[in-house]
A.B. asks: 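Please see the structure below; I have some questions.
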Amino acid sequence: IQGTGIVALAGILGALNISNQKFTNQSVMVFGAGTAGAGIAHQIYEEFMQQGLSSDEAKQHIYLVDKQGLLTDDMTDLTEGQQFFARSTSDLQVPQPTLLAAVRAIRPTILIGTSTCPGAFTEEIVKEMAAHTERPIIFPLSNPTELAEAKASDLIEWTDGRALVATGIPSSPVNYKGVTYAIGQANNALMYPGLGLGVIASTAKLVDQSLLSAAAHALGGIVDASQPGAAVLPPVNKITSFSQHLAEVVAQHAIDHQNTRENITDAHAAVEHIKWYPRYE
């Protein structure tokens, strides 16, 4: 769950690198408030605090929506993770019983789907969201394919190419009005090899939130934001090359924060030293 949250966060950071917008200006809506959805919301909440917001301020940027609509503190059947993000009814003018109503009222800039409700991100919902934000960030992360909240091609078309999209399944590039849009896959595998390698190589004593944030920023910063149609996350098939970069970022963070058991001073050398190559003479 934490891995899914970190990769989703990295995708958001990658999207913001493309749109050149500030993280702390975003309003995040997660549709599907189960374990995965609440876990993603919590990683995003932690990043808001890493960027200087208080706990209460960070919560104000995050909205959870489930089958009963926008989660509020008067609901009696919420899990602990859901209660943490439930909004006060006193802050709402009227209840938001559906995803469409919530999108209309809140105008999120980021919409993440972990609902396993196929087609939940309808054309009406997406166009409503896109009417109020220049580069909507939309991640239908449910899988397999038949459970996805939307198709990447539809999201690109409905927003006239403005949506920044990642999916939970492998998605083919989308050709729209002469631009080829690469679609990132929010797969835990993007994060774990590099994160684990960096932790081991640096002899890190603690994997804390600031280290995870550094890893997410590194992953989100790999894509070339200057390219038209750039993906918000690097492709899984290039995992070997960018895992090296991730590992060095993680190791350097541990060194900089005096978070190593051994006297490690060179992140690159430490990562190379610990790597094993399956070569046989």
A.B. asks: If you look at every heavy atom in Thr159 and Ala130, which pair is closest and at what distance?
C.D. replies: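 Thr159 and Ala130 have their closest heavy atoms at CG2-CB, 3.9 Å.
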A.B. asks: Would a 4.5 Å heavy-atom cut-off, applied to side chains only, mark Ser243 and Leu197 as touching?
C.D. replies: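 No, their side chains stay 4.5 Å or more apart.
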A.B. asks: Is the CG atom of Asn20 crowded by more than 12 outside heavy atoms at less than 6.0 Å?
C.D. replies: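 At most 12 heavy atoms, drawn from other residues, nucleotides or ligands, come within 6.0 Å of this atom.
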A.B. asks: Has Asp266 got a side-chain atom pairing as donor or acceptor with His268's backbone, closer than 3.5 angstrom?
C.D. replies: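 Yes, because the side chain of Asp266 sits within donor-acceptor range (under 3.5 Å) of the backbone of His268.
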A.B. asks: Looking only at the side chains, is there a donor atom on one of Lys275 and Gln244 sitting less than 3.5 Å from an acceptor on the other?
C.D. replies: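 Yes, side-chain donor-acceptor contact under 3.5 Å.
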A.B. asks: Side-chain heavy atoms nearer than 4.5 Å, only ILVMFWY residues, links allowed to pass through others: does that put Leu164 and Leu233 together?
C.D. replies: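 Yes, it is one cluster - the side chains of Leu164 and Leu233 are joined through contacts under 4.5 Å.
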A.B. asks: I'd like to know if the side chain of Asn17 and the backbone of Gly220 have a donor-acceptor N/O pair within less than 3.5 Å.
C.D. replies: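 Yes: the side chain of Asn17 pairs with the backbone of Gly220.
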A.B. asks: Using a 3.5 Å distance criterion without hydrogens, assess whether the side chain of Asp73 forms a donor-acceptor pair with backbone atoms of Ala86.
C.D. replies: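 Such a contact is absent between Asp73 side chain and Ala86 backbone.
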A.B. asks: Is there a donor in the side chain of Tyr45 and an acceptor in the side chain of Ser55, or the other way round, less than 3.5 Å apart?
C.D. replies: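 A donor-acceptor contact under 3.5 Å links the two side chains.
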A.B. asks: Is the shortest side-chain heavy-atom distance between Arg107 and Ser27 below 4.5 Å?
C.D. replies: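 SC-SC contact between Arg107 and Ser27 ruled out.
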A.B. asks: Kindly work out whether a path of hydrophobic side-chain contacts (I/L/V/M/F/W/Y, heavy atoms less than 4.5 Å apart) joins Val65 to Leu92.
C.D. replies: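 Same cluster: Val65 reaches Leu92 through Ile, Leu, Val, Met, Phe, Trp or Tyr contacts under 4.5 Å.
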A.B. asks: Can you tell me how far the NZ atom of Lys59 sits from the CZ atom of Phe84, to the nearest 0.5 Å?
C.D. replies: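 CZ of Phe84 is found 4.0 Å from NZ of Lys59.
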A.B. asks: Measure from the side-chain N and O atoms of Gln96 to the backbone N and O of Gly69, and report whether any donor-acceptor pair falls under 3.5 Å.
C.D. replies: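 Looks like no, no N/O pair under 3.5 Å.
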A.B. asks: Between Phe139 and Ile40, is any pair of side-chain heavy atoms under 4.5 Å apart?
C.D. replies: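 When only atoms from C-beta onward are counted, Ile40 and Phe139 do not touch, as no gap falls below 4.5 Å.
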A.B. asks: Is there a donor-acceptor contact under 3.5 Å from the side chain of Arg162 to the main chain of Arg135?
C.D. replies: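 No, because the side chain of Arg162 does not come within donor-acceptor range (under 3.5 Å) of the backbone of Arg135.
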A.B. asks: Does Ile222 share a hydrophobic cluster with Met191, counting links as ILVMFWY side-chain heavy atoms below 4.5 Å and allowing steps through other members?
C.D. replies: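 Shared cluster, yes.
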A.B. asks: Start with the C-alpha distance between Thr265 and Ile255, add both sets of side-chain angles, then the distance that settles side chain to side chain contact (heavy atoms under 4.5 Å, CB included), and finish with yes or no.
C.D. replies: CA-CA 7 Å; Thr265 57; Ile255 293 167; 5.6 Å; no
A.B. asks: Distance from Ile112 atom CD1 to Met29 atom CE, nearest 0.5 Å?
C.D. replies: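 Those atoms lie 11.5 Å apart.
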A.B. asks: Minimum heavy-atom separation for Ala214 to Val249, with atom names?
C.D. replies: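 Shortest heavy-atom contact: O-CG1, 3.8 Å.
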A.B. asks: Should Leu111 and Phe121 count as side-chain neighbours, where that means a heavy-atom distance under 4.5 Å?
C.D. replies: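 In short, these two side chains touch, coming nearer than 4.5 Å.
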A.B. asks: Quick one: pull up CD in Glu149 and CG in Leu141 and give me the separation to the nearest 0.5 Å.
C.D. replies: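 Reported value, rounded in 0.5 Å steps: 7.0 Å.
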A.B. asks: Within a strict 4.5 Å, meaning less than it, do heavy atoms of the Leu246 and Leu195 side chains meet?
C.D. replies: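 No - every pair of side-chain heavy atoms lies 4.5 Å or more apart.
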A.B. asks: Got Ile12 and Gln26 here, is their nearest side-chain heavy-atom distance under 4.5 Å?
C.D. replies: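 Ile12 does not reach Gln26 side chain to side chain.
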A.B. asks: Let me check something: do Val179 and Val223 share a hydrophobic cluster, defined by ILVMFWY side-chain heavy atoms less than 4.5 Å apart, either directly or through other members?
C.D. replies: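 No, because Val179 and Val223 fall into different hydrophobic clusters, even though each may have its own neighbours under 4.5 Å.
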A.B. asks: For Asn187 and Val7, run side chain to side chain contact (heavy atoms under 4.5 Å, CB included): C-alpha distance rounded to whole Å, both residues' side-chain angles, the deciding distance at 0.1 Å, then the answer.
C.D. replies: CA-CA 7 Å; Asn187 188 319; Val7 173; 5.8 Å; no
A.B. asks: What verdict does the side chain to side chain contact (heavy atoms under 4.5 Å, CB included) test give for Glu134 and Ser19, after you've listed the backbone C-alpha separation in whole Å, the side-chain angles of each residue and the deciding distance to 0.1 Å?
C.D. replies: CA-CA 9 Å; Glu134 180 63 27; Ser19 66; over 6 Å; no
A.B. asks: For the residue pair Arg104 and Glu124, establish whether any side-chain heavy-atom pair is separated by less than 4.5 Å.
C.D. replies: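 Yes; the side chains approach each other to less than 4.5 Å.
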A.B. asks: For a quick check under 3.5 Å, do Asp74 and Thr72 share a side-chain donor-acceptor pair by atom type?
C.D. replies: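 Side chains of Asp74 and Thr72: pair found under 3.5 Å.
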A.B. asks: Can you measure from CD (Gln2) to CG (Leu9) and round to the nearest 0.5 angstrom?
C.D. replies: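 Gln2 CD to Leu9 CG: 11.5 Å, rounded to 0.5 Å.
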A.B. asks: Without swapping roles, check the side chain of Asp66 against the backbone of Ala33 for a donor-acceptor pair under 3.5 Å.
C.D. replies: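 Here the side-chain-to-backbone pair exists.
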A.B. asks: Do Phe85 and Tyr63 have ring centroids that are under 6.0 Å from one another?
C.D. replies: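 So the answer is no for these two rings.
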A.B. asks: Which atom names give the shortest non-hydrogen contact between Pro140 and Val165, and what distance separates them?
C.D. replies: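 Looking at all heavy atoms of both residues, the shortest contact is CD-CG1, 4.4 Å.
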A.B. asks: Indicate whether the side chain of Gln43 and that of Glu47 have a donor and an acceptor atom separated by less than 3.5 Å.
C.D. replies: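 No - no donor-acceptor pair under 3.5 Å links their side chains.
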A.B. asks: Taking the side chain as every heavy atom from C-beta outward, state whether Pro170 and Gln185 have any pair of such atoms under 4.5 Å apart.
C.D. replies: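 Yes, close enough: below the 4.5 Å cut-off.
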A.B. asks: Taking all heavy atoms of Glu128 and all of Val103, pick out the closest pair and write down the distance.
C.D. replies: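 That would be CG-CG1, 3.9 Å.
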A.B. asks: Near Gln258 CD, under 6.0 Å, is it more than 12 heavy atoms from other residues, nucleotides or ligands?
C.D. replies: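 No, CD of Gln258 has 12 or fewer neighbouring heavy atoms, counting only those of other groups under 6.0 Å.
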A.B. asks: Looking at Thr203 and Arg261, would you say the former's side chain and the latter's main chain have a donor-acceptor pair under 3.5 Å?
C.D. replies: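 Yes: the side chain of Thr203 pairs with the backbone of Arg261.
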A.B. asks: Tell me the closest heavy-atom pair linking Pro118 and Thr116, and the distance in Å.
C.D. replies: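 In terms of heavy atoms, the two residues are closest at CD-O, 3.3 Å.
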A.B. asks: Has Ser153 got a side-chain atom pairing as donor or acceptor with Val174's backbone, closer than 3.5 angstrom?
C.D. replies: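 Checked: no pair found.
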A.B. asks: If you round to the nearest 0.5 Å, how far is CZ of Arg87 from CD of Gln60?
C.D. replies: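 Here the interatomic distance stands at 4.5 Å.
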A.B. asks: With Phe23, which of Leu16, Ile110, Leu53 fulfils side-chain contact (heavy atoms from CB on, under 4.5 Å)?
C.D. replies: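 So, applying the side-chain contact (heavy atoms from CB on, under 4.5 Å) to Phe23 and each of Leu16, Ile110, Leu53, only Leu16 qualifies.
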A.B. asks: Would you give the length of the straight line joining atom OG of Ser115 to atom NZ of Lys67, rounded to the nearest 0.5 angstrom?
C.D. replies: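 Here the rounded value is 11.5 Å.
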A.B. asks: What are the two closest non-hydrogen atoms of Ser171 and Thr167, and how far apart are they?
C.D. replies: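 The pair with the smallest heavy-atom distance is OG-OG1, 2.9 Å.
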A.B. asks: Does a donor on one side chain and an acceptor on the other come within less than 3.5 Å for Glu57 and His61?
C.D. replies: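 Their side chains do not contain a donor-acceptor pair, so the 3.5 Å distance test is not met.
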A.B. asks: With clusters defined by side-chain heavy atoms of hydrophobic residues (ILVMFWY) lying less than 4.5 Å apart, directly or transitively, does Val126 cluster with Ile183?
C.D. replies: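 Yes, Ile183 connects to Val126 through the hydrophobic network.
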